[in-house]
Number of protein chains: 2
Amino acid sequence: MLLLERLEDLKHHLSRCERKVADLVLGDPQAAIRESLAAFAARAGVSEPTVIRCCRALGCIGWPDFKLRLAQGLASGGGSGHSAVQAGDDAGVVLAKVFDAAILMLQRTRQAIDAAALEQATRLLAAARRIECYGHGASGIVALDAQQKFYRLGVPVVAYSDAHVHAMSAALLKPGDAVLAISQSGRSPELLGSAQRARAAGADLVAITVAGSPLAALATVAITVPAVAAAPGPLPGGSRVVDLAIVDALAIGVALRRTPLIPESTGLET
Amino acid sequence: MLLLERLEDLKHHLSRCERKVADLVLGDPQAAIRESLAAFAARAGVSEPTVIRCCRALGCIGWPDFKLRLAQGLASGGGSGHSAVQAGDDAGVVLAKVFDAAILMLQRTRQAIDAAALEQATRLLAAARRIECYGHGASGIVALDAQQKFYRLGVPVVAYSDAHVHAMSAALLKPGDAVLAISQSGRSPELLGSAQRARAAGADLVAITVAGSPLAALATVAITVPAVAAAPGPLPGGSRVVDLAIVDALAIGVALRRTPLIPESTGLET
DNA sequence: CTTCGCCCTGTAGTCAAACTACAGTTCCCG
DNA sequence: CGGGAACTGTAGTTTGACTACAGGGCGAAG
């Protein structure tokens with residue numbers, strides 16, 4: 001994806017003919033990777049060396065190299081180009097953009113995440129006598145999801161979205177218990193209160209939140225997700241899929257330390 | 001990734017020289033995409049036409065086409081290879097595999113999904129006077145998520161996971177109302193009952209489920225997700241991220257038809 | 001308004017990479 | 001042991017990618 005972004009950037013201070021090339025690539029990248037240099041140059045209405053010069057400007061060795069990088073970018077970043085949903089997009093386009101954005105965030109998170117913290121969090125949760133998941137709003141849904149996943153592992157686990165309830169529950173925890181606190185801001189006062197209570201009671205606190213937030217500071221282990229400059233446009237809670245995936249990884253990591261696990265098929269399908 | 005999988009498959013009933021090619025590719029795919037045909041053939045210790053024949057056997061047009069597909073597969077499939085989580089994986093590896101699996105499912109779904117159905121579903125929901133989201137278990141969480149997302153659009157929306165509650169609620173619906181039913185099996189009897197009630201009451205039914213299921217048959221519009229031969233290993237509910245992404249796309253599609261929408265920032269952060 | 005100079009674009013030619021047709025070898029089966 | 005078929009390599013052809021160079025447009029300065 002970096003390549004298309006760079007192209008978009010450079011497009012403006014590029015001159016006429018080279019812009020024709022840029023537009024054609026941005027317009028239909030998929031087509032470009034299939035064509036030969038000659039075919040593409042003809043379609044753009046420019047000569048072959050012009051196209052090559054354009055590739056060089058982007059840091060590529062030549063046309064084949066450019067095609068290769070483009071292909072890689074498209075495969076990883078998706079086909080429809082880049083995020084921003086606009087009025088007038090039909091449902092198919094919206095879907096493509098939403099999926100692309102989700103995939104992009106997953107990829108970025110995968111690279112940015114701190115493996116050591118994750119490892120420690122997994123160990124803590126695997127050793128916990130009891131797990132409580134706290135979260136509000138969108139993160140409340142993630143907490144519920146975490147609850148369902150840990151259920152299967154035979155760990156006593158609950159999820160609370162009610163500030164009063166988790167405040168009370170947190171105060172009753174004991175050393176050896178663990179709280180999984182989820183917050184996209186890391187600043188919700190109610191959540192911070194319960195987190196503090198849990199720590200005071202001797203419980204461990206695993207937080208899924210952003211780096212540098214008060215919640216992260218409070219946690220025994222903080223799993224920090226990059227504060228994704230949330231994809232532009234009306235994309236509320238896009239990061240929920242990232243949180244869910246992290247919870248998934250945690251649950252599976254815990255499962256591996258607690259084998260044999262409870263079989264997945266319960267006869268109850270949803 | 002499909003390409004490397006096919007290579008692995010075919011490797012066994014391939015003959016000597018062609019296997020040398022296959023081994024070299026599987027051993028270091030990244031190297032292959034950089035080299036020219038001649039260089040690669042020399043490194044493999046075979047002649048150029050042999051390599052080409054190998055590419056043809058995999059369904060590619062020739063060496064450049066093979067390189068291209070390989071590059072795309074590597075970029076999309078990620079670095080860590082392919083899914084299956086195993087005992088002994090540390091947290092970082094588990095995370096990578098889980099994320100890869102999620103990304104793969106998103107990519108497959110994006111391509112497989114029926115844009116027309118999605119478009120129709122978006123129109124129905126945008127026109128609905130009232131939306132009710134039904135789902136049990138894992139899908140109950142998706143229903144909750146849908147509720148939160150539609151909230152912001154100013155549509156009256158509720159989510160029920162209790163079979164008795166949604167059975168009653170469905171019976172009270174009127175033409176112009178819409179139900180969003182989510183089920184990964186499409187066979188939950190309670191959900192089917194309420195779906196039927198809703199239809200009988202004149203409401204529209206949008207279903208997110210698998211193709212060919214009873215729920216899909218019942219729906220006004222069925223958004224069918226490929227019955228992903230759910231990634232092997234203990235990966236419960238991996239498809240939840242896919243469902244969430246679909247709900248996201250629906251909500252955004254509806255938002256585009258209902259502009260101006262309620263601002264995202266409410267001062268309430270989670 | 002004209003003229004000089006630079007940057008940009010296209011043309012033609014070269015080189016290498018990819019592919020095809022064919023012939024030799026090897027291995028299996030009769 | 002001999003014949004045939006499949007597989008592998010060699011040589012030749014074609015096409016695609018790239019380079020060197022020449023022509024033209026645009027701005028700046030006189």
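These numbers come from a predicted model, not from an experiment. In what follows, chains are A, B, ... by sequence order, proteins preceding strands, each numbered from 1.
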- Trace of the side chain to side chain contact (heavy atoms under 4.5 Å, CB included) decision for B:Leu4 with B:Val25: CA-CA 9 Å; B:Leu4 279 185; B:Val25 172; 4.3 Å; yes
- Check the pair A:Leu250, A:Leu118 against side chain to side chain contact (heavy atoms under 4.5 Å, CB included), reporting the backbone distance first and the verdict last. CA-CA 8 Å; A:Leu250 280 175; A:Leu118 201 77; 4.2 Å; yes
- Evaluate the side chain to side chain contact (heavy atoms under 4.5 Å, CB included) criterion for residues A:Gln72 and B:Ile33: first the C-alpha distance (whole Å), next the side-chain angles of each, then the deciding distance (0.1 Å), finally the verdict. CA-CA 11 Å; A:Gln72 286 180 318; B:Ile33 65 176; 3.5 Å; yes
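Annotation for B:Ile61: atom CD1 does not count as buried by contact number, only 12 or fewer foreign heavy atoms lying within 6.0 Å.
Atom NZ in B:Lys67 sits about 12 Å away from atom C1' in D:dA17, given to the nearest Å. Atom CG of B:Asp65 and atom C1' of C:dC19 are 14 Å apart (whole Å). Atom pair A:Leu37:CG and D:dT19:C1' shows a separation of 13 Å (rounding to whole Å applied). In this structure, the CZ atom of A:Arg56 is 13 Å from the P atom of D:dA17, given to the nearest Å. Per the geometry, CD belonging to B:Glu35 stands 12 Å off P belonging to C:dA17, to the nearest Å.
Between A:Arg56 and A:Glu18, no side-chain nitrogen of the basic residue sits less than 4.0 Å from a carboxylate oxygen of the acidic one, so the salt-bridge criterion is not met. For the pair B:Asp23 and B:Arg19, the salt-bridge criterion is not met [side-chain N within less than 4.0 Å of a carboxylate O]. Under a 4.0 Å N-O distance rule, the pair A:Glu48/A:Arg43 does not qualify as a salt bridge. B:Lys149 has a carboxylate O that lies under 4.0 Å from a charged side-chain N of B:Asp145, or vice versa, which qualifies the two as a salt bridge.
When the C1' atoms of four end pairs are superposed on the next four at each end of the helix from C:dC1-D:dG30 to C:dG30-D:dC1, using five pairs per end, the two resulting axes differ in direction by 10°, to 10°.
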- Item | Base versus backbone protein contacts along nucleotides 5-11 of chain D [heavy-atom cut-off under 4.0 Å; B, S, -] | ---BBB-
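When heavy atoms are screened at a 4.0 angstrom cut-off, B:Ile52 is found touching base atoms of the nucleic acid.
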